[in-house]
Each structure stands twice: as structure tokens, then as C-alpha cells.
There are 2 protein chains.
Amino acid sequence: MDGPPLPERAIRAPRGGAVRLADVAAAAEVSIALASRVLNADPAVRASAETRKRVLDAAAALGYVPNIAAKSLRIRRNGLIGLVVHDLSSPIHLELMQGARAEAAAHNSFLVLGDVDELLNDDDVFKVLVNGNRVDGLIVQGGHAEFGQRIADIARVLPTVVVNAPPRAEQDRVSSVAPDEPAATRMLTEHLLSLGHTRIGLVSGPRDSMTGRLREEGIVSALGAVGLELRPEDRVHADWSANGGRAGFIELASRWRAGTERPTALIAGNSLIGIGVLGAAARQGLSIPQDVSVAAVHDTWINEHLVPSLTTVSLPLREMGVVAVRQLLTAPDAASRIVLSEPPPVLHARDSTAPPA
Amino acid sequence: MDGPPLPERAIRAPRGGAVRLADVAAAAEVSIALASRVLNADPAVRASAETRKRVLDAAAALGYVPNIAAKSLRIRRNGLIGLVVHDLSSPIHLELMQGARAEAAAHNSFLVLGDVDELLNDDDVFKVLVNGNRVDGLIVQGGHAEFGQRIADIARVLPTVVVNAPPRAEQDRVSSVAPDEPAATRMLTEHLLSLGHTRIGLVSGPRDSMTGRLREEGIVSALGAVGLELRPEDRVHADWSANGGRAGFIELASRWRAGTERPTALIAGNSLIGIGVLGAAARQGLSIPQDVSVAAVHDTWINEHLVPSLTTVSLPLREMGVVAVRQLLTAPDAASRIVLSEPPPVLHARDSTAPPA
DNA sequence: CTGAAAGCGCTTACAG
DNA sequence: CTGAAAGCGCTTACAG
């Protein structure tokens, strides 16, 4: 009444070289359940140190690595975090990515790369990433005004943290990690003031960018503190890119009339814009910093190699990535809004800023 | 004799809003197996068009997305590809990443970010990524001489393709996708020759880089075709970075004696090196292109914004990413060695190159 | 505290 | 061709 004999080898033998928990348990002569508990450091386990060691040794000897699919299916988590960026080519966000990646790795998690546009426009990608249990949470690069509501919708089903941008009003369940923007531009402005500049212009980010607004606030407040102001005619909006910076500078300079006063220094909304400003100014025959000083937000490796090297203020981008991941891993359901004021912005004074002529 | 009643709701009801295949099958009034087959477009299915539609409609109506962990556990694949890069901050490799990411998405796969150093030095990461069924395959950024054997070892257990570098001798089971390096530098050299330069120098990559060697080959062959040569004293090695380029230029220029001949043009091993060369030359008081022309391999968005803008040749980086993913997805076990000669390199002549003075 | 058993949600031989 | 059932490899209530 035993039925046909079971094909034991097919059940027991590791397939394709994959060692299973059952193999470890057999080698250590304990039950699968106990092996699982020891390996997962279950505090309730009271097995003797000797037994525990037998399990650990067996796992090591066999090179056991848990099957992640099986584990995920059981515990309903998969150790993956979606990192959804808008523009992979920006060196600014890479530092953030590095920080996030390293922190995830430290927690045995990995980062899955997503694209903002694809996430928001491609329904398949959206479904898989958001509803498909693909990732345990999402880190979304902020600053996309049009998508505020969509991100809020995503956050309802999946822990989500927006990085590098303050959350919008409708995103009440969205966590965020943002740097202290006004502090950065305040520092830049004070640097220019200390050099003797009294009229400072701004090539800002896009008109509807909250980040851009906060950076402007820092400038206005630093100027206000010494009785100066940011004149409307000294400010233009631009894309967060070198092309934007170029266009912004050209627009700004077109307002300058020979013989009349104009700003002696410009702040760029970010260092990509700064690169564009530097290039455009040179092509218009202006010398930097003799004719105009230029300073920008965000420091990357490029800035010191530019001619002239670009003065910047660095924000804790890497830390933002770290904190975002930590937030997702430790408090996925808390809608926390973190403004990183530590470490504080750091000024990198370089050749692009000098006293006015 | 029925035992206690089963808690039906706990079994049937979707948990946490997750719709299961069983829910779709129930809604469409078919078996789970048939629902699975219809949804996976099993060609053996002969169900009436009407039945098929019922399944598809039910899935759509319920917003069904397969549980990826369950599916992975069954089919022993998880739709993830590890992208292991060395230096996330290089804009050069980002284009490759973008191509890989997009191609993966087109195949319902995602990219998991890894770090070369971590993979090779951190045993935990290695085990999880390589042995843990985390990813279906690995794309590794090439050019790490020290790790040739290690990558060969990885490829024995996991489909692996090295991108942007030719495979090393010991990597017999490793696939690779590399651009046509000599074609790129040949094009750059011919551009400089056509401007009238007859003595051309090279700030190459690291001494042991195969990529660097191939790029040098292109220069040598283009020079040889017109009876010229690359003089040993006109070549230095450098890291693949702006800092490397700076150091390389300084070393090269230190060999130049006033009143004697020196190269009138320099080729940079890549555009990061090129940025460093540009900056260092300017800081030594040399005008580019008047005193020396500079051209580099790889085009990125930065180059046109530099002052002067940097002449480059672009290689099909994005396509490399695409092909690498396609290779992994369609022929994971073939150890293919692809040299992408299509699309061919494209010259971007800019302000950093001009006829010699 | 530990083990046997159930079950996570799928796919796919297998039998009909 | 289709359905019932087994099973992928884990974790964890549950009972002992």
C-alpha cells in the first residue's frame, strides 16, 4: 500500500548546483525549521551552541544562499527598492544614487533602476513596478510638478519617498528627504557679498520648481540681511541643464545695455545650469570672473576642471540617498518629511568668483 | 468528520488588495490553469475566443498583476539583470546604462545596480548576487585587469556579459560587447591630419588597459597610413578620469622644451581625460586650439559646453547597453563576442581642434 | 523550545 | 486541449 517509490534523488539532490535549506538541515542533522531559525538568528532559538554551529558550518560548507524567490513569496518582501530617476545623465543625482545603493547593500537590499517618464506614462511598467510586488518601496527623484498627484497615488499602495525635493501639498502620504536649500544659496550669496558684489543675478530652475523657489529664498534672505534685493530683471528661469543655463544666460544678458548697470555676479540654480552659463558667457566674449562672477549649487567632480573652475556649494546628496533608503527600510509606512541640515552645505570657492572689477 | 470549518475568507479574499490568479480564474469562470495559460499566451490553448476574452477582461477589470516572487520560484528566473559598474559618476557609462535599462524594460525586466568593487571584495554581496538567484544575469563594466579571472569564475555560474571592453584571454565563457575602438581613434586622427597636424600626442588610459591599447592602435594605423608615427615621448598613461587627464598632461608638457618641436595636437583616451587635459593646458597658459589641439574619445552632453568646446568621436554606448541586455535575455549561455561596428563612430568637430599655428 | 505541516501564488507535467 | 494536483524553497503559526 505504499504506492510507487518516490524518485528520491529528484527531490533531494540539489538541482543545477543550487543548495537548499533542506540540504543544510540534512547535513547538520536538524530539522528544516530549526535550520531556518538558526540561519535567520531567531532569538527564540535555544539550541545548544554546538548545534547552532553545526548548522552554520553546514551552510558555509555547502555555500548555501537562500533562494530569494521562495523567501520573498513567504515573507512578502523582496529586498528591492525602486530608484526612479528622471535624468540618468546628470552627475548631480549620481551621488545620491551611490549613497542609496551603498546603504541598500548594507541592508542586503538592492536598487532597481526605473525611469520617471516610463513609470508615469507606461502602464505596464507602472503596474509591474507599483502593483506587482516587484519592489518593497520606491525612491522617486523629486521636482516633477506635473506628477504630484500621480506620486501621491503611488504612495497609497507602495512606500514612497521623494528625494531632493520638498513634497507637494497633495502628497500627504509621501515621505521626503530634502536638503536645506535656502542654507545653500544663502552661503553662496554671502560669499559673493563678502567679495564686494552688491548686485547679484539668478539663473533659476524652472518657474514651477519648489526647489528653485527655496533656493531663491536663500538668496533673497541673504541679500535682505544687508539691505539689498534680488531685482526681477536680474532673474530668469531655465531648465535644470547646461542647455537651460545657456539659454538663461543669453536671455539675461540680452537685457543688459552698454553703459548701464548690470549684475556683477550670477548664481546658477544648479551646477549644470552653471556649466551652461560659463560656456555662454565665454562665447559672448565675457571674461569670468573679471566681467561677471558665477557660482552654482551642487558640487561635482567636473567643476574644478572647468575653465575657469566653478565656485559651488555642495549639498549632502550622498546622505540623502542613504537616509531615503534607511527611511524606506526602517519605517516604510511613516510619512516623514526630513530636511537634512546635517552635514551643512560646504562652500567651494574657485576661480569663477572674484571681487567685482 | 469534516473537521473544523476552514476560514474561507482568509483563503479566498485578496490580502492587502493583491489580486491573485485564482481571483481572475474565478471571475472568468475557468480553471486556474487555463487562466494562467491564456494570460501567458500559451499557443497550445484552444479555448474559444470568447473564453479567452473573459479571462483577459477579468484580469484587466481586477487589475491583476502576477506575483513576481511566486512566478520566479516556479520558472526559476526573476526578470532582473545585475548591472555592475565601477564608477557611477562617469557620464560615459550612463548612456550605456540608459540603453540597458530601456531594453530591459522592453522585455519586462529590470536592472539591479551593483558595484564592481563591492561585488569582487564583499563576499556577502557576491554570494547574494551571484549564487542567490537574485539576478538572471550580469552585465559587468569591463576594463578591470585585476579581476579577469574572477569574472571568468562568475560566468561559470551566471550568464555574464562584459561591456565596453574586449574580453581577456581567460574569460572563455564570458560574453562581451565592445565598440570598434580603433575605428574611433582612427577617425579622430584623420580629422587632426586633415587639419594639417603631423605630430600628434596621446594621453592614453591606464597602461594595462586593453581598451587603451586598441585606441592607440587606431591612432598608430591612421598615422602609419600617411607615413607618420606616434612617438613614445608623445604618449603618457593616465587614469580614465579628469584627474588622470590633468596629471597626464602635466607629465607630457614637462617633456616639452622651449624652442624644440612638440606635438601640435593631443588625443585624449576618453572625454574625462579630455576635460582634465583642457583644464590643465589652460592653467599652464596654453591656448586651445591655438597652441595645441585636443580631441577625445566618447561624446557626452558636457563637451559642447566646455570652453573651448571639446572635439570628440562618439561610440555607440547606448547600443552597447541594448545589445548586452538582448544577449543576456535571448542567448544567456552563448559565449558570444560582439564588436559593434554599427552604428559607426561619429566625429563631433568642435572648437578644441584647429589647424596648427 | 522544536518539529511537522501548511501555505505563500504561481506553472506545468500528467492524466483524462 | 483542459483540469486537478504537485511542487518550486522557503517561514511560521500550531501543536507537542
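By convention in this document, chain letters (A, B, ...) are assigned in the order of the sequence lines, proteins followed by strands, and residues within each chain are numbered from 1.
A:Ile68 has its CD1 atom 13 Å from the C1' atom of D:dT11, to the nearest Å. The CD1-P distance, from A:Ile32 to C:dT2, rounds to 16 Å in whole Å. Look at CG on A:Leu39: it is 13 Å from C1' on D:dG9, rounded to the nearest Å. Regarding B:Asn78, its CG atom lies at a distance of 14 Å from the P atom of C:dT11, rounded to whole Å. Taking atom CG on A:Leu73 and atom C1' on D:dG9, their separation rounds to 9 Å, with Å as the unit. For the pair A:Arg20 CZ and D:dG9 C1', the computed distance is 8 Å after rounding to whole Å. In this structure, the CG atom of A:Asp23 is 14 Å from the C1' atom of D:dC8, given to the nearest Å. Taking atom CZ on B:Arg76 and atom C1' on C:dT11, their separation rounds to 12 Å, with Å as the unit.
Here the CG-CZ distance, from B:Leu120 to B:Arg150, works out to 6.0 Å after rounding to the nearest 0.5 Å.
Using a 4.5 Å heavy-atom cutoff, the side chains of A:Val55 and A:Arg52 are not in contact.
A donor-acceptor contact shorter than 3.5 Å links the side chain of A:Arg54 to the backbone of A:Ala28. Between the side chain of A:Asn78 and the main chain of A:Ser72, no donor-acceptor pair closer than 3.5 Å is present.
Across the P atoms, D:dA13 and D:dG9 are found 23 Å apart, a figure rounded to whole Å. As rounded to the nearest Å, C:dG16 and C:dT12 have C1' atoms that lie 16 Å from one another.
Note on A:Ala33: a base of the nucleic acid sits closer than 4.0 angstrom, heavy atoms only.
Residue A:Tyr64 has a polar side-chain atom (N or O) positioned under 4.0 Å from OP1 or OP2 of D:dC10. The side chain of B:Lys71 contributes no N or O atom lying less than 4.0 Å from OP1 or OP2 of C:dG9. Under 4.0 angstrom from either OP1 or OP2 of D:dA6 there lies no side-chain N or O belonging to B:Arg74. Contact between the side-chain N/O atoms of A:Ser36 and the OP1/OP2 oxygens of D:dT11 is found at a separation under 4.0 Å.
For the pair B:Arg37 and B:Pro66, both in contact range of DNA chain C, the more 5′-proximal nearest nucleotide belongs to B:Pro66. Between B:Leu34 and B:Ala70, the residue anchored closer to the 5' end of DNA chain D is B:Leu34, taking for each the nucleotide with the nearest heavy atom. Nearest-nucleotide positions on DNA chain D place B:Glu29 closer to the 5' end than the other of B:Glu29 and A:Asn40.
Pairing of C:dG16, defined by two Watson-Crick or G-U wobble distances under 3.5 Å, is identified with D:dC1.
By the 6.0 Å contact criterion, CZ on B:Arg77 is open, its count of non-hydrogen atoms from other residues, nucleotides or ligands being 12 or less.
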